[in-house]
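Computed from a prediction, not measured in an experiment: that's the story for all the values here. Sequential numbering from 1 along the given sequence is applied to the chain's residues.
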Amino acid sequence: MATKARVMYDFAAEPGNNELTVNEGEIITITNPDVGGGWLEGRNSKGERGLVPTDYVEILPNDGKDPFSCGNSVADQAFLDSLSASTAQANSSAAISNNQQVSSGNDPWSAWSASKSGNWDSTDGWGAKPEGTTAQRNTSNNWDTAFGHPQAYQGPATGDDDEWDEDWSDPRAAAPYFKDSESAEAGAAQRGNSRAGSSSMKLPLNKFPGFAKPGMEQYLLAKPLAKPKEKIPIIVGDYGPMWVYPTSTFDCVVADPRKGSKMYGLKSYIEYQLTPTNTNRSVNHRYKHFDWLYERLLVKFGSAIPIPSLPDKQVTGRFEEEFIKMRMERLQAWMTRMCRHPVISESELFQQFLNFRDEKEWKSGKRKAEKDELVGVMIFSTMEPEAPDLDLLEIEQKCDAVSKFTRAMDDGVKELLTVGQEHWKRCTGPLPKEYQKIGKALQSLATVFSSSGYQGETDLNAAITEAGKTYEEIAGLVAEQPKKDLHFLMECNHEYKGFLGCFPDIIGAHKGAIEKVKESDKLVATSKITPQDKQNMVKRVGTMSYALQAEMNHFHSNRIYDYNSVIRLYLEQQVQFYETIAEKLRQALGRFPVM
């Protein structure tokens, strides 16, 4: 009997890409269940065949009965039974977060002002996390909310390295940039919510040692900590603890996006050229490689350093010129941000991503990174502060200060994003129309005046007509201006929104460590640990505190530079904009006869 599948979500085929358009609730026949890259081949009731994202369908039992008609399937029930209470709670939070992402309107920032459950608007997001685990991935930092809605992290493809030669186009479709389709956005939100209860839990923990075991106790109570080969020094500078910056810095230019294909042309992908400015030797990477780098950086450094998310994956419209341009712009911003960080940029992981020489070296470096055990909170074991030990009260005060500032800044960023979103809508909608109405009304008035037959008003009528045309030109200027100034302010603001969305988890790890030190008094009293063990715990939590202070000093220096630059640009463009309008109005005024 042929295998049947029920379509879970609508999917629109990409023209010329051998895909099959399917609709939610439709039953299709699976003709090839594993084409590769997260796709299968299916046939609909009309006999049409094509590729469909694997995550968009649910395989039906052999009897062809739809499990949705009578509760969960056996496989679903077994999966649900295997979940722990904590995992179920995490997915409940993820579903709420996705539900709050629904975008309204056709401007590119409409989803940004939505509050993010589990982070800033939830006190739980700022509570102590006993194991100090990091869960920064896509909680409140989705660069591409403009293209659709956040997705649950699926993790790198399971299996051997050869799978990384296959296309890994994520099948979660998203609306193209500026696409005015509320139904499409609502559908994307629904798909995100539906998957929150299942696919978001498929984290390959075996690949991430720091996430698979309780790392906080391992870090605080190990005696002694093994001396790692890699060292991350922390020094005390003019503004307090700081990372050690390299003597020479570099950037990485992301350019030359090219469309490639595989599987005999059945599947396509976009490849980008990356050129570090310190070597000028280019390497090529596809989006899935960027995604792998993000995951590895998050796993390794996420307990100490905020790692902003990448632009989201996309299926529908992913080869459209406007989308490719926007994605490249945001990948460039992400890579520049990573290059500017003294710890990230100098790490073996990041350097290998930019400097591998052939496929063999790339795969070897990838395997090595995935076997790295200095991940999660164990990254603090590599840090060596050149500073005196801190007492627990001072550590707690420093942590609270960071928590208070980042939360307050998030409120400010959120407010500016909301105001900017509203201003963008006004400038690209009602305001230009008002100028157009004024322009047309003036020209209509001039036409009426011309019908009088009076000889002495020709100059006046011509001047009124030109004034009307001037207002129509102003309408065009108003509509285009946000792309020249507000766009950059919003992009910068949203990037910092992503950074700030990482801090609740980082703060949670620190508070969790502080609580464990406080609990250590009971352990000493019952002789379960020695006073020296407690002293070591305080010292290690002090190392975490120095790392947090060093990261905040880096954050503040970048914040001051970035906001100074982007707001100066915004004001310069605004001055030029109004000067252009003023000049056009002067020219229109000069056409009127002097009485």
Side-chain angles (χ1 to χ4, degrees), residues 84-87 89-90 93-94 116-120 122-137 139-140 203 205 208-223 225 241 298-307 373-383 385 389-407 410 500-524 528-529 533-552:
S84 66
S86 60
T87 307
Q89 182 180 1
S93 299
K116 313 298 181 183
S117 176
N119 287 287
W120 303 99
S122 171
T123 54
D124 292 338
W126 287 85
K129 302 196 175 185
E131 304 305 332
T133 54
T134 300
Q136 292 179 16
R137 171 74 186 197
T139 53
S140 67
L203 282 165
L205 297 179
F208 304 146
F211 284 13
K213 50 194 173 186
M216 187 58 72
E217 291 89 346
Q218 182 185 4
Y219 168 66
L220 292 178
L221 297 174
K223 37 182 191 180
L225 285 172
L298 179 60
V299 167
K300 185 167 181 65
F301 298 107
S303 293
I305 298 170
I307 309 293
E373 294 188 355
L374 291 174
V375 296
V377 293
M378 292 307 296
I379 192 62
F380 294 111
S381 67
T382 68
M383 299 178 182
D389 294 343
L390 300 172
D391 60 53
L392 193 60
L393 178 60
E394 188 176 3
I395 291 171
E396 195 164 14
Q397 290 173 343
K398 296 290 186 183
C399 184
D400 289 341
V402 172
S403 176
K404 182 178 180 180
F405 173 81
T406 52
R407 190 169 187 175
D410 181 75
L500 293 164
C502 299
F503 276 102
D505 292 310
I506 293 175
I507 298 298
H510 284 72
K511 288 187 175 181
I514 292 170
E515 289 303 314
K516 289 188 181 299
V517 173
K518 290 180 177 179
E519 294 169 5
S520 65
D521 287 332
K522 296 179 181 179
L523 300 178
V524 172
K528 292 183 178 180
I529 64 173
D533 291 333
K534 178 186 176 180
Q535 186 176 343
N536 290 339
M537 291 176 69
V538 175
K539 182 178 179 65
R540 290 169 188 175
V541 174
T543 297
M544 295 176 66
S545 180
Y546 276 122
L548 181 61
Q549 294 175 62
E551 181 56 31
M552 285 308 297

Beyond-backbone contact of [X] with [Y], side-chain heavy atoms, under 4.5 angstrom:
X: Leu220; Y: Val541; answer: yes
X: Ser403; Y: Lys511; answer: yes
X: Met537; Y: Ile529; answer: yes

The test is side-chain contact (heavy atoms from CB on, under 4.5 Å); show your working for Leu392 and Ile514 and say whether it passes. CA-CA 8 Å; Leu392 193 60; Ile514 292 170; 4.2 Å; yes

Working for side-chain contact (heavy atoms from CB on, under 4.5 Å), residues Ile506 and His510: CA-CA 7 Å; Ile506 293 175; His510 284 72; 3.8 Å; yes

Where [X] and [Y] come nearest, the two heavy atoms and their spacing:
X: Pro504; Y: Leu500; result: CD-O, 3.3 Å
X: Ile395; Y: Ser545; result: CG2-CB, 3.9 Å
X: Gly302; Y: Ile307; result: CA-CG1, 4.4 Å
X: Leu548; Y: Cys399; result: CD2-CA, 4.2 Å
X: Ser303; Y: Gly376; result: OG-C, 3.3 Å

Before you tell me yes or no, could you show the steps for Leu374 and Ser381 under side-chain contact (heavy atoms from CB on, under 4.5 Å), namely the whole-Å CA-CA distance, both residues' side-chain angles and the distance that decides it to 0.1 Å? CA-CA 8 Å; Leu374 291 174; Ser381 67; 3.6 Å; yes

Flag, side chain of Lys534 to backbone of Val517, donor-acceptor distance under 3.5 Å: no

Once salt bridge (Lys or Arg N to Asp or Glu O under 4.0 Å) is applied, do any residues pair with Lys518, and if so which ones, sequence neighbours excluded?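 Expected list: Glu396, Glu515.
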
Only counting residues at least two apart or in another chain, list the ones meeting salt bridge (Lys or Arg N to Asp or Glu O under 4.0 Å) with Asp400. none

Spacing of NZ belonging to Lys300 relative to CE belonging to Met378, to within rounding of 0.5 Å: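 Rounded to the nearest 0.5 Å, the NZ-CE separation comes out at 10.5 Å.
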
With Lys528 via side chain to side chain contact (heavy atoms under 4.5 Å, CB included) - residues at least two apart: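 By the side chain to side chain contact (heavy atoms under 4.5 Å, CB included) rule, Lys528 matches Leu523, Thr526.
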
Would you please name every residue forming a side chain to side chain contact (heavy atoms under 4.5 Å, CB included) with Glu394, sequence neighbours left out? Leu390, Asp391, Lys398

Partner residues of Thr543 under the side-chain hydrogen bond (donor to acceptor under 3.5 Å, both in side chains) criterion, sequence neighbours left out: none

With sequence neighbours excluded, tell me which residues meet side-chain hydrogen bond (donor to acceptor under 3.5 Å, both in side chains) with Glu551.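 Residues passing side-chain hydrogen bond (donor to acceptor under 3.5 Å, both in side chains) with Glu551: Trp243, His341.
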
Walk me through whether Met216 and Met544 qualify under side-chain contact (heavy atoms from CB on, under 4.5 Å). CA-CA 11 Å; Met216 187 58 72; Met544 295 176 66; 4.1 Å; yes

Should the ring pair Tyr219 and Phe380 be called parallel, tilted or perpendicular, given that the plane angle runs from 0 to 90° and is split at 30 and 60? tilted

